[in-house]
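Atoms within each ligand, like the ligands themselves, are counted from 1 in listed order. Just so you know, residue 1 is the first one in the sequence shown, and it goes up from there. Side chains are part of it too, since the values below use all heavy atoms of this structure and drop only hydrogens, waters and symmetry mates.
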Amino acid sequence: MFEEFTGRFYYLLHPRPVVVVGTLCPNGRANFAPVSWSTPVSEEPPAVAIAVDAGAYTRECLDFCGEASLNVLSLDDAQLVYDLGSASGRDVDKVSRFKLELVESESIRPPGLSRSLAILESGAAGRYPVGESVLYVLEVRRARVRRGTADRFGYLLSEGVNVLLHGSGRYFYGVGPRRVAAKRSPP
Ligand SMILES: Cc1cc2nc3c(=O)[nH]c(=O)nc-3n(C[C@H](O)[C@H](O)[C@H](O)COP(=O)(O)O)c2cc1C
């Protein structure tokens with residue numbers, strides 16, 4: 001009735017919303033990397049958690065600046081998100097390579113992405129190494145949503161707004177059966 005899936009248990013918890021984490025880095029640049037292992041954890045104080053691979057530059061940048069913008073993009077940005085997750089800010093300036101338009105944050109130093117549906121400005125409140133990852137608890141200082149894309153119950157999915165969900169690898173979903181396959185990024 002059931003079959004073994006323990007080796008890739010995490011895919012049983014996908015698709016899930018992906019946030020693009022914006023940080024400021026020791027190399028003086030802003031950097032952006034997608035993270036699909038994220039979740040709200042508390043309303044008071046407002047907090048979310050993200051799991052970041054210890055080897056990712058984002059982990060180093062978060063430890064360095066202690067703040068992050070969490071950018072929610074739309075299904076139309078699947079390719080960009082995949083590309084941002086296929087390069088490291090340690091090696092490339094993703095802002096110039098991907099011609100990212102930035103928007104200033106009000107409560108933190110890292111900027112956000114101007115194409116975002118929503119941006120959560122957050123500050124690191126806890127840091128917990130778990131296996132190959134570091135789980136950060138981030139206190140949300142301010143959250144903004146693109147005008148006309150949400151009401152007080154959340155995104156206006158029935159009016160054409162679609163948030164990006166990560167299936168696995170280069171496959172993405174919106175809410176509903178549509179699936180988008182990103183092209184493999186050049187090395
Ligand atoms: C859709 C998507 C979701 C990802 N989710 C995570 C995640 O939850 N945690 C993580 O550490 N890396 C995740 N990655 C991989 C990082 O984004 C990737 O390693 C990236 O190159 C790190 O960039 P950086 O070195 O500039 O921080 C994801 C990649 C993609 C494309």
for atom 30 (C) of ligand 1, nearest protein heavy atom and its distance come out as Pro34 CG, 3.7 Å

Taking only non-hydrogen atoms of Val52 and a 4.0 Å limit, the atoms of ligand 1 in range are 11 (O)

In residues 7-28, what donor-acceptor pairs under 3.5 Å come from side-chain atoms, sequence neighbours left out?
unit_1, atom_1, unit_2, atom_2, d
His14, ND1, His166, O, 3.2
His14, ND1, Gly167, O, 2.9
His14, NE2, Trp37, NE1, 3.0
Arg16, NE, Ser36, O, 2.7
Arg16, NH1, Leu13, O, 3.1
Arg16, NH2, Ser38, O, 3.0
Asn27, OD1, Arg29, N, 2.9
Asn27, ND2, Tyr57, OH, 3.4
Asn27, ND2, Gly89, O, 3.4

Item to complete: Report yes if Gly89 has an N/O atom closer than 3.5 Å to an N/O atom of ligand 1; otherwise report no.
Response: yes

For Trp37, the atoms of ligand 1 under 4.0 Å from one of its heavy atoms are 8 (O)

Ligand 1 to Phe172, heavy atom cutoff 4.0 Å, flagged ligand atoms 1 (C)

Within the 4.0 Å heavy-atom cut-off, what Ala51 brings close to ligand 1 is backbone

All heavy atoms of Ala150 vs all of Val145, minimum pair found to be CB-CG2, 3.8 Å

The closest protein heavy-atom partner of atom 5 (N) of ligand 1 is Ser36 N, 3.0 Å

Note: Lys94, heavy atoms under 4.0 Å from ligand 1, region reported as side chain

Ligand 1 to Tyr57, heavy atom cutoff 4.0 Å, flagged ligand atoms 24 (P), 25 (O), 26 (O), 27 (O)

Any heavy atom of Cys61 under 4.0 Å from ligand 1? The part involved is neither

(request) For Ser69 and Glu121, test the side chains for any donor-to-acceptor distance below 3.5 angstrom and give the result as yes or no. (result) no

**Message:** Evaluate Asp53 for polar contact with ligand 1, using N/O atom pairs at a separation under 3.5 Å.
**Reply:** yes

In ligand 1, the atoms that come under 4.0 Å of a heavy atom of Asn31 are 24 (P), 26 (O), 27 (O)

message = Against ligand 1, does His166 come closer than 4.0 Å with any heavy atom?
response = yes

Ranked by distance from atom 25 (O) of ligand 1, the top protein heavy atom is Ser88 OG, 2.7 Å

Rounded to the nearest 0.5 angstrom, the CG-CG distance for Leu164 and Asp76 is 9.5 Å

Logged contact type for Ile50 with ligand 1, heavy-atom cut-off 4.0 Å, is neither

Here the atoms of ligand 1 under 4.0 Å from any heavy atom belonging to Thr58 are 24 (P), 27 (O)

Residue pairs meeting ring-ring contact (aromatic ring centres under 6.0 Å, His included), one or both in residues 87-136, sequence neighbours left out, come to none

Checklist entry - Under 3.5 Å, is there a donor-acceptor pair between the Asp53 and Ser133 side chains? => result no

Heavy atoms of Tyr155 and Ala118 approach each other most closely as OH-CB, 3.4 Å

Atom 19 (O) of ligand 1 sits nearest the protein heavy atom Gly85 O, 4.1 Å

* Under 3.5 Å, side chain of Asn162 to main-chain N/O of Ser74, donor-acceptor pair present? -> no

Judged by heavy atoms only, the candidate from Ser86, Ala33, Ala87 nearest atom 21 (O) of ligand 1 is Ala87

Hey, is Arg59 close enough to Asp63 for a salt bridge, meaning N to O under 4.0 Å?
-> yes

Heavy atoms of Gly174 and Leu165 approach each other most closely as O-CD1, 3.6 Å

CG of Leu120 to CZ of Arg141, rounded to nearest 0.5 Å, is 12.5 Å

The answer for which part of Phe32 has a heavy atom under 4.0 Å from ligand 1 is neither

Could you tell me if the side chain of Ile119 sits less than 4.5 Å from the side chain of Arg146, heavy atoms only?
no

